[in-house]
Amino acid sequence: MEQSSTKKMSEPPDVDAQRIPVTVVTGFLGSGKTTLINRILKEKHGRKIAVIENEFGEIGIDDGIVFNSQENILEMNNGCICCTVRGDLIKILKKLWKRKNKIEHVLIETTGLADPAPVAQTFFVDDDVQEHYRLDAIITVVDAKHLIQHLDDDKPEGVENEAVEQLAFADKVLLNKVDLVSAEEKQEVVKRIKAINSSADIIETVQGNAPLERILEIKAFSLERILEGEPTFLESDGEHQHDSSVTSVGLELEGEMDMKKLDSWLGAILREKGTDIFRSKGILAIKGTADKLVFQGVHMLMGFASSSEGVGKPWQDGERRVNRIVFIGRHLDRKQLASSFTACLAD
Ligand SMILES: Nc1nc2c(ncn2[C@@H]2O[C@H](COP(=O)(O)OP(=O)(O)OP(=O)(O)O)[C@@H](O)[C@H]2O)c(=O)[nH]1
């Protein structure tokens, strides 16, 4: 007896067991990050999960369509998590561990244009953060249909290709939207992923349906592996250049929309400009119904959902019906988008 208690006393404390695991969910615009996080939150995981959510675009849309039953959602929408709001990320993390109602897992959703490296670096360069958190894994969600075009996107000198960076840093790749590609197309995408990152496990998913035990608390992040590929990982100050040709136009307009006009307007824009418009989404008020309409576009693919199907909440009595829509991509014509959006208002 005595022997075993002496042994116990001399054992180092299990530091990892005391630190809160963090999963960074990254992946290009529209790949399915929010879908994955919503799915995780809805499952019976038995953990108290906090989500830190960073959205790209002039106006945030995700807050209105997701996570509506969760209290532990922290929004950071005043810049990109990998540069301007990294200080805010540290502040939020510090606040979180001081909460009485102890958090057991943190999910960080980066914007679709973020470089995950500075986010990962946060867990190794700040002493307080390092003491309380452990980076469990970087999960990169990939849109099987659109990945290759983003990997092949020509970037200006000195600008990183975000889709490549996101894959290079992945501990797990969720090859999402496999329902949209053929077996041959899928094989080609897998080949491209492996050429960038041969060590990450690839999980094929539809609507982010990966088993939780393969994505949470998996201790997959390895600093050694990262340092092998990027020896200066811990030294750099997180400074990097974003592709400034990708911008966003966010529009807000009070009133009720004509569904027919809206549908044909969005259909036409995405058909004509869907190569340049990477992502579009909106929350809309339609004449004749109190249900909120949620619009989602990824390049030329678009779809609607409604609060009648449990996505978001209906317009409440007295709530101002403000339509919000955001377009993210290249060569966006703000004036033209604004006037054609206004033209969709119901008479
Ligand atoms: N066909 C298909 N559509 C999917 C799948 N997963 C997600 N989607 C749709 O893809 C669109 C974008 O999904 P999100 O989860 O919002 O993507 P995201 O990565 O969070 O997008 P951003 O945060 O704006 O970059 C939505 O319309 C989803 O319903 C899938 O497996 N198959």
Side-chain angles (χ1 to χ4, degrees), residues 24-40 56 109-116 137-155 159-212 214-215 218 220 229 243 245-246 266-281 294-305 327-331:
V24 174
V25 177
T26 186
F28 204 76
L29 292 164
S31 56
K33 300 176 291 296
T34 307
T35 305
L36 169 72
I37 289 178
N38 262 339
R39 212 216 88 226
I40 294 174
F56 183 88
E109 178 181 348
T110 73
T111 76
L113 296 172
D115 176 354
I138 297 181
I139 296 191
T140 301
V141 185
V142 160
D143 175 339
K145 188 168 175 64
H146 296 109
L147 176 73
I148 291 179
Q149 82 187 67
H150 293 298
L151 293 180
D152 290 342
D153 192 15
D154 262 342
K155 294 285 177 183
V159 173
E160 282 161 354
N161 181 313
E162 309 88 356
V164 173
E165 289 294 304
Q166 291 164 353
L167 273 177
F169 272 87
D171 298 306
K172 291 264 168 186
V173 175
L174 256 58
L175 179 54
N176 194 36
K177 306 199 190 182
V178 289
D179 55 314
L180 297 180
V181 293
S182 65
E184 292 74 36
E185 286 171 304
K186 194 169 71 186
Q187 231 178 1
E188 188 54 32
V189 178
V190 169
K191 214 164 91 188
R192 296 292 302 269
I193 295 170
K194 287 192 169 156
I196 295 168
N197 185 333
S198 56
S199 61
D201 188 20
I202 301 175
I203 309 173
E204 290 180 20
T205 56
V206 174
Q207 305 288 343
N209 65 345
L212 288 194
R214 290 187 72 185
I215 52 177
I218 51 176
D243 181 353
S245 68
V246 178
L266 287 169
I269 291 184
L270 296 188
R271 235 180 357 259
E272 288 159 24
K273 306 213 164 84
T275 310
D276 278 344
I277 300 177
F278 300 163
R279 183 80 169 107
S280 46
K281 46 188 164 179
V294 174
F295 159 70
Q296 297 265 15
V298 180
H299 289 285
M300 291 177 193
L301 300 181
M302 64 178 239
F304 293 103
F327 296 91
I328 303 170
R330 293 203 170 103
H331 313 300

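It should be emphasised that the depicted structure is a prediction, and the values quoted were computed from it without experimental measurement.
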For this session: State the CG-CD1 distance between Leu212 and Ile40, to the nearest 0.5 angstrom.
Result: 6.0 Å
Exercise. Within the side chain of Asn176, is there an N or O that forms a donor-acceptor pair under 3.5 Å with the backbone of Ser31?
Worked result: yes
Problem set entry | Side-chain heavy atoms of His299 within contact of Lys145, under 4.5 Å | no
For this session: Please report the shortest heavy-atom distance between Ala170 and Ala200, naming the atom on each side.
Result: O-CB, 3.5 Å
Seminar exercise, completed: Separation between CD1 (Ile215) and CD1 (Ile203), nearest 0.5 Å, reads 6.5 Å
For this session: Can you see which heavy atom on Gln207 is nearest to which on Thr35, and at what distance?
Result: OE1-CG2, 3.3 Å
Exercise. Once you round to the nearest 0.5 Å, how far does CG of Leu147 lie from CG of Asp152?
Worked result: 9.0 Å
Exercise. Taking only residues two or more places apart in sequence, or in another chain, which ones meet Asp143 in a side chain to side chain donor-acceptor pair (under 3.5 Å)?
Worked result: His146, Lys177
Problem set entry | Option among Ile139, Val142, Val189 that satisfies the side-chain contact (heavy atoms from CB on, under 4.5 Å) test with Val173 | Val142
Exercise. Mind checking what makes side chain to side chain contact (heavy atoms under 4.5 Å, CB included) contact with Ala168, not counting sequence neighbours?
Worked result: Ile196
Problem set entry | side-chain contact (heavy atoms from CB on, under 4.5 Å) evaluation trace for Thr205 with Val178 | CA-CA 6 Å; Thr205 56; Val178 289; over 6 Å; no
Exercise. So with a 6.0 Å cut-off around CD of Gln187, is the heavy-atom count from everything else above 12?
Worked result: no
Problem set entry | Distance-minimising heavy-atom pair for Asn161 and Ala163 | OD1-N, 3.0 Å
Problem set entry | Ile37 versus Glu109, closest heavy-atom pair with distance | CD1-CB, 3.5 Å
Problem set entry | Derivation of the side-chain contact (heavy atoms from CB on, under 4.5 Å) call for Leu180 and Leu301 | CA-CA 11 Å; Leu180 297 180; Leu301 300 181; 3.7 Å; yes
Problem set entry | Test side-chain contact (heavy atoms from CB on, under 4.5 Å) applied to Leu113 and Phe28, step by step | CA-CA 6 Å; Leu113 296 172; Phe28 204 76; 3.8 Å; yes
Seminar exercise, completed: Residues passing the side chain to side chain donor-acceptor pair (under 3.5 Å) test with Ser280, sequence neighbours excluded, are none
Seminar exercise, completed: residues 199-212 vs salt bridge (charged side-chain N to carboxylate O under 4.0 Å, His left out), sequence neighbours excluded, gives Lys172-Asp201, Lys186-Glu204, Asp201-Arg214
Seminar exercise, completed: Output for pair (Gln166 CD, Thr26 OG1), nearest 0.5 Å, gives 4.0 Å
Which donor-acceptor pairs under 3.5 Å do the side chains of residues 269-278 make with protein atoms, sequence neighbours left out?
none

For this session: Apply side-chain contact (heavy atoms from CB on, under 4.5 Å) to Asp153 and Arg330, showing your working.
Result: CA-CA 12 Å; Asp153 192 15; Arg330 293 203 170 103; 2.9 Å; yes
Problem set entry | Electrostatic pair Lys155:Glu162 at N-O distance under 4.0 angstrom | yes
Problem set entry | Heavy-atom donor-acceptor pair, Arg279 side chain to Leu29 backbone, under 3.5 Å | no
Exercise. Who are the side chain to side chain contact (heavy atoms under 4.5 Å, CB included) partners of Ser198, not counting sequence neighbours?
Worked result: none
Exercise. What distance do Leu174 atom CG and Ile202 atom CD1 have between them, rounded to the nearest 0.5 Å?
Worked result: 10.5 Å
Problem set entry | Reported OG1-to-CG distance for the pair Thr140 and Leu175, which is rounded to 0.5 angstrom | 12.0 Å
